[in-house]
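Here's the structure, in structure tokens; my notes come after.
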Amino acid sequence: MSAPAPSPLAIVDAEPLPRQEEVLTEEALAFVAALHRRFTPRRDELLARRAERRAEIARTSTLDFLPETAAIRADDSWRVAPSPAALEDRRVEITGPTDRKMTVNALNSGARVWLADFEDASAPTWENVILGQLNLTDAYTRRIDFTDPVSGKSYALKDAGELATVVMRPRGWHLNERHLQVDGEEVPGALVDFGLYFFHNARRLLDLGKGPYFYLPKTESHLEARLWNDVFVFAQDHLGIPQGTIRATVLIETITAAYEMEEILYELRDHASGLNAGRWDYLFSIVKNFRDGGTRFVLPDRNAVTMTAPFMRAYTELLVRTCHKRGAHAIGGMAAFIPSRRDAEVNKVAFEKVRADKDREANDGFDGSWVAHPDLVPIALESFDRVLGERPNQKDRLREDVHVEAADLIAVDSLDAKPTYPGLVNAVQVGIRYIEAWLRGLGAVAIFNLMEDAATAEISRSQIWQWINAGVEFENGLKATPELAREVAADELANIRAELGEEAFAAGHWQQAHDLLLEVALDEDYADFLTLPAYRLLRG
């Protein structure tokens with residue numbers, strides 16, 4: 001008697017969406033189910049390993065380069081696969097969610113690459129997950145346009161040669177997709193996002209002279225990179241795509257990954273494209289991992305931790321050296337400023353800061369960098385054009401002058417800056433305002449002229465937690481306590497109510513956002529990710 005066929009992937013508790021049948025085909029769902037059955041058990045083991053490693057850091061308050069992988073670091077012979085033509089020049093990359101307007105604007109922005117984001121810049125509503133996939137497919141088939149319902153302005157794609165190359169970012173390993181289940185078990189969001197995109201677009205992208213390119217978020221170890229590599233090998237075999245077609249850029253946005261950069265590239269070497277220096281998640285990871293480490297790990301206000309801070313400079317310079325030693329691209333951090341249409345002076349000051357930041361990255365050897373808004377593309381281009389000229393990158397600049405010790409990466413106490421009361425207020429303000437928008441389905445939100453995403457909410461709530469638990473005393477004599485955080489949060493809620501008016505306030509999710517921020521900032525048990533309890537509140 002033959003074995004019964006595996007049960008199909010089930011769509012659970014999801015309202016039907018227009019054209020969803022184009023994404024959720026029987027074949028595509030079977031592919032996602034195959035990914036789940038094969039790889040979710042290993043995902044679960046690696047999440048458990050994260051917890052074990054965190055416990056070890058809590059015990060020792062230190063990290064080091066791995067002795068068991070020393071041979072990989074010492075072997076100068078290996079390189080990542082040569083870059084495909086579409087990813088050879090990455091001097092400016094724009095980031096953003098995959099809604100229809102952003103899809104057109106990002107592709108038209110003049111940036112070389114668009115990070116099409118299903119992760120931190122996208123709240124994972126069913127609509128965002130499925131229609132985001134549809135928007136990318138429509139872009140590749142040139143069936144996409146957009147008319148703003150308010151302004152009436154229409155947006156359409158430029159000629160193919162002028163469009164940014166898409167590098168898609170799926171969700172991190174820790175997040176599940178509750179609307180898709182196999183055998184009653186939720187499928188990891190990473191496999192949903194990757195699987196649907198790869199299934200529908202891999203061949204189409206090859207026909208366009210490009211390929212399925214990915215950014216991998218929240219990676220914490222080379223073993224997690226190995227899991228991704230095995231996913232890529234399986235997926236390419238399954239669809240009959242040549243091995244090595246996929247290219248992945250890994251965000252080094254966790255402190256543990258910073259100690260395994262070479263190993264991460266090694267695990268992905270047939271599929272690796274580069275590494276990226278992600279700022280806010282990196283700081284969040286330092287707080288999360290060293291929250292028991294005492295005062296020497298207490299971060300000052302987030303805006304006081306620039307990329308010139310000694311421990312941040314060690315991280316970015318090590319990243320450039322590592323990438324270029326192995327033939328990979330080194331991609332710099334985010335310029336998150338959102339230009340004001342009303343305040344030219346604000347723009348002037350901010351543009352100078354952006355220019356200085358991009359000049360520093362280009363001069364340090366980075367091959368490209370991120371911006372959050374199309375108006376910043378020319379500024380970043382100018383910085384990299386000045387250094388690169390006609391060259392597509394500067395991977396030949398090996399930065400052999402860089403020498404980083406293990407302790408340099410966690411020398412948080414090398415900073416002179418201290419936490420301030422205005423910093424606490426800003427953390428509360430950004431936390432409440434971002435979470436409220438996220439609960440409405442928005443993942444990329446302009447707050448105080450900065451484009452904020454889930455990473456900025458994570459660092460905000462983490463710093464509140466850390467300052468309270470470290471007993472920080474601010475410059476005005478007030479001490480960081482749960483009571484003070486509640487007072488600041490209550491004041492901010494009242495300010496928002498006055499700012500919006502009763503009707504608009506009532507229509508939002510402000511009380512929920514306020515309560516959730518305080519929950520994850522004040523609970524004795526530190527939640528690994530804000531988005532996990534937030535996802536339980538997300539409708540749709």
Side-chain angles (χ1 to χ4, degrees), residues 46 50 80 87 90 92-97 113-122 166-175 188-190 193-194 213-229 231-232 246-268 271-289 307 312 315-320 322-323 326 328-336 361 366-372 409 443-444 451-459 528-529 531:
L46 288 169
R50 285 183 180 183
V80 303
L87 287 178
R90 303 177 62 170
V92 180
E93 304 190 352
I94 193 167
T95 71
V113 165
W114 171 36
L115 187 161
D117 201 3
F118 286 82
E119 201 233 357
D120 272 2
S122 180
V166 173
V167 180
M168 183 270 219
R169 180 163 71 168
R171 280 167 283 182
W173 282 124
H174 61 287
L175 291 164
D193 299 339
F194 165 81
Y213 307 139
F214 299 92
Y215 258 110
L216 304 181
K218 306 287 192 294
T219 300
E220 296 198 13
S221 74
H222 70 286
L223 297 179
E224 294 180 16
R226 182 183 297 172
L227 174 57
W228 268 119
N229 195 72
V231 169
F232 296 161
I246 291 172
R247 284 293 192 277
T249 305
V250 180
L251 291 111
I252 303 299
E253 55 184 354
T254 67
I255 186 62
T256 52
Y259 287 85
E260 301 182 37
M261 292 189 212
E262 286 193 81
E263 294 92 328
I264 286 168
L265 286 177
Y266 181 80
E267 293 293 346
L268 286 157
H271 300 104
S273 178
L275 303 177
N276 169 274
R279 179 178 173 190
W280 296 134
D281 264 317
Y282 189 74
L283 294 176
F284 155 52
S285 176
I286 290 175
V287 174
K288 176 162 67 172
N289 280 286
M307 298 307 271
M312 296 298 280
Y315 148 64
T316 56
E317 292 204 308
L318 180 61
L319 188 145
V320 172
T322 300
C323 286
R326 303 305 182 178
H329 281 81
I331 306 299
M334 171 72 81
E361 288 181 327
F366 280 97
D367 303 293
S369 190
W370 282 5
V371 300
L409 294 169
M451 183 59 76
E452 308 285 15
D453 67 11
T456 50
E458 291 284 24
I459 186 62
D528 277 347
F529 292 95
T531 45

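In what follows, every heavy atom counts, from backbone to side chain, and hydrogens, waters and symmetry copies are set aside.
A 4.5 Å side-chain heavy-atom check between T254 and T219 finds every atom pair outside the cut-off. A 4.5 Å side-chain heavy-atom check between L251 and R169 finds at least one atom pair inside the cut-off. Side-chain atoms of I331 and E93, non-hydrogen and from C-beta on, do get closer than 4.5 Å to each other. Inter-residue side-chain proximity for K288 and F529 is flagged as met; some heavy-atom pair is nearer than 4.5 Å. When side chains are defined from C-beta on, L268 counts as touching L216, because their heavy atoms get closer than 4.5 Å. Side-chain contact between Y315 and I252 is present, with heavy atoms from C-beta onward closer than 4.5 Å. V92 places a side-chain heavy atom less than 4.5 Å from the side chain of V371. For the pair L46/L227, a side-chain contact is recorded, criterion being any heavy-atom separation below 4.5 Å from C-beta on.
H222 pairs by the ring-ring contact (aromatic ring centres under 6.0 Å, His included) definition with nothing, not counting sequence neighbours.
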Please walk me through it: do F366 and L319 pass side-chain contact (heavy atoms from CB on, under 4.5 Å)?
CA-CA 9 Å; F366 280 97; L319 188 145; 3.9 Å; yes
List the steps, then state whether side-chain contact (heavy atoms from CB on, under 4.5 Å) holds for F284 with T456.
CA-CA 8 Å; F284 155 52; T456 50; over 6 Å; no
Evaluate the side chain to side chain donor-acceptor pair (under 3.5 Å) criterion for residues R50 and T256: first the C-alpha distance (whole Å), next the side-chain angles of each, then the deciding distance (0.1 Å), finally the verdict.
CA-CA 10 Å; R50 285 183 180 183; T256 52; over 6 Å; no
With side-chain contact (heavy atoms from CB on, under 4.5 Å) as the criterion, how do K218 and D281 come out once you've worked through the C-alpha distance, each side chain's angles and the decisive distance to 0.1 Å?
CA-CA 8 Å; K218 306 287 192 294; D281 264 317; 3.0 Å; yes
Between D117 and T95, does the side-chain contact (heavy atoms from CB on, under 4.5 Å) criterion hold? Intermediate values first, please.
CA-CA 7 Å; D117 201 3; T95 71; 5.8 Å; no
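When only modelled atom types and interatomic distance are considered, R90 and T249 share a side-chain donor-acceptor pair under 3.5 Å. Side-chain contact, E260 with S221: no donor N or O sits under 3.5 Å from an acceptor N or O.
Remark: E263 CD to Y266 OH distance equals 11.0 Å, nearest 0.5 Å. Within the model, atoms CG of L409 and CE of M312 stand 10.5 Å from one another, a figure rounded to the nearest 0.5 Å. We find the CE-OG distance between M334 and S369 to be 9.0 Å, quoted to the nearest 0.5 Å. Atoms CD and CD1, on E452 and I459 in that order, are 11.5 Å from each other to the nearest 0.5 Å. Here D453 contributes atom CG and D120 contributes atom CG; the two are 4.5 Å apart, rounded to the nearest 0.5 Å. One finds the OG1 atom of T316 at 12.5 Å from the CG atom of L275 (value rounded to the nearest 0.5 Å).
Between the E220 side chain and the A257 main chain, no donor and acceptor come within less than 3.5 Å of each other. Of the possible donor and acceptor atoms, one in the side chain of H329 sits under 3.5 Å from a partner among the backbone N and O of L87. For S122 (side chain) and E119 (main-chain N/O), no donor-acceptor pair under 3.5 Å exists by modelled atom type. A side-chain donor-acceptor contact under 3.5 Å links D193 to the backbone of R171.
For the pairing with Y215, the ring pair (Phe, Tyr, Trp, His ring centres under 6.0 Å) check across W370, W228, F194, F118 returns one residue only, W370. The side chain to side chain donor-acceptor pair (under 3.5 Å) test with N229 is passed by exactly one of H271, E267, E224: H271.
Nearest approach of P97 to A121, heavy atoms of both residues: CB-O, 3.3 Å.
Annotation: Y259, atom OH; neighbour count of heavy atoms from other residues, nucleotides and ligands within 6.0 Å is above 12.
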